Amino acid sequence: MPNINYWLMKSEPAAYSIHNLQQQKQTIWDGVRNYQARNFLKQMQVGDLAFFYHSNTQPPGIVGLMKIVETGIADPTQFDPDSEYYDPKSTPESPRWQTVKVEFVEEFSQPILLSTLKEKFNGDELLVVKKGNRLSVIPVIESVAKSILVTNN
DNA sequence: GCCAACGTTGGC
DNA sequence: GCCAACGTTGGC
């Protein structure tokens, strides 16, 4: 059994929600323009699991689970002049922004709200509960991931 | 709308 | 390479 890593990936549901993913089944997670978040995307491996986090919504929280199905994808929006994520300094020969393809696994019957996460975990356990953490992609340690999964079964 | 916590930019 | 100014994120 290869090691499975767990991640948390944020999206504003107004831009892209868990239901959009449920309908599409798979999507390329594009638009990440933060180097630290990108480095986490680079570390992901096929088979890893990621929590889908709805941000900038009422209430914010983890709403479901997805699986990494492809890695090392050059984010196509960086080459698209019409995209808000267009990066004129990036070239197809050496793409600056790479990402992954994710697949819908499940929507949680009950979202795990940020307020609940704050009660159960501290900032070291789950970076998203640390005040001021705005990274769109962060790692989740195994014990925390297991605990979240158990909560929803 | 507020504001804390960043990240980025650019002058030096 | 420093750091002030500025912009953005995102919970509240």
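Just so we're on the same page: letters track the sequence lines, and every chain starts at 1. As the structure is a prediction and not an experimental result, all values here were calculated from the model.
Of the candidates B:dG7, C:dG11, C:dG10, the closest approach to any side-chain atom of A:Glu12 belongs to C:dG10. Closest to the A:Lys131 side chain, of the nucleotides C:dG11, B:dA5, C:dG10, is B:dA5. Minimum atom distance to the side chain of A:Tyr35 is reached by B:dT8, of the listed C:dG10, C:dG11, B:dT8.
If you take NZ of A:Lys118 and C1' of C:dC12, they are 8 Å apart, rounded to a whole angstrom. The nearest whole Å value for the distance from the CZ atom in A:Arg38 to the C1' atom in B:dT8 is 15 Å. Separating the CG atom of A:Leu135 from the C1' atom of B:dT8 is a distance of 14 Å, rounded to the nearest angstrom. Between the CH2 atom of A:Trp97 and the P atom of B:dG7 there is a distance of 12 Å, rounded to whole Å. C:dG11 atom P lies 13 Å from atom CG of A:Leu126, rounded to whole Å. When rounded to the nearest whole Å, the span between CG of A:Leu127 and P of B:dA5 equals 15 Å. Between the CG atom of A:Asn34 and the P atom of B:dT9 there is a distance of 12 Å, rounded to whole Å. Rounded to whole angstrom, the span from the CZ atom of A:Arg33 across to the P atom of B:dT8 amounts to 12 Å.
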(request) Apply the test salt bridge (charged side-chain N to carboxylate O under 4.0 Å, His left out) to residues A:Asp75 and A:Arg33: give CA-CA distance (whole Å), side-chain angles for both, the deciding distance (0.1 Å), then the verdict. (result) CA-CA 10 Å; A:Asp75 185 336; A:Arg33 291 296 179 270; 3.0 Å; yes

(request) Apply ring-ring contact (aromatic ring centres under 6.0 Å, His included) to A:Trp97 and A:Phe79, showing your working. (result) CA-CA 10 Å; A:Trp97 305 106; A:Phe79 307 125; over 10 Å; no

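For A:Lys10 and C:dG11, the shortest distance from a side-chain N or O to OP1 or OP2 is not below 4.0 Å. For C:dG11, the OP1/OP2 oxygens have a side-chain nitrogen or oxygen of A:Tyr53 closer than 4.0 Å.
Under a hydrophobic-cluster definition in which Ile, Leu, Val, Met, Phe, Trp and Tyr are linked whenever side-chain heavy atoms come within less than 4.5 Å, directly or via other members, A:Ile4 and A:Ile62 are assigned to the same cluster.
As judged by a 4.0 angstrom heavy-atom cut-off over every strand, A:Lys130 is placed among residues making no nucleic acid contact.
Side-chain atoms of A:Glu125 do not come within 3.5 Å of backbone N or O of A:Val144 as any donor-acceptor pair.
In this model, a donor atom of one side chain and an acceptor atom of the other lie less than 3.5 Å apart for A:Asn56 and A:Glu12.
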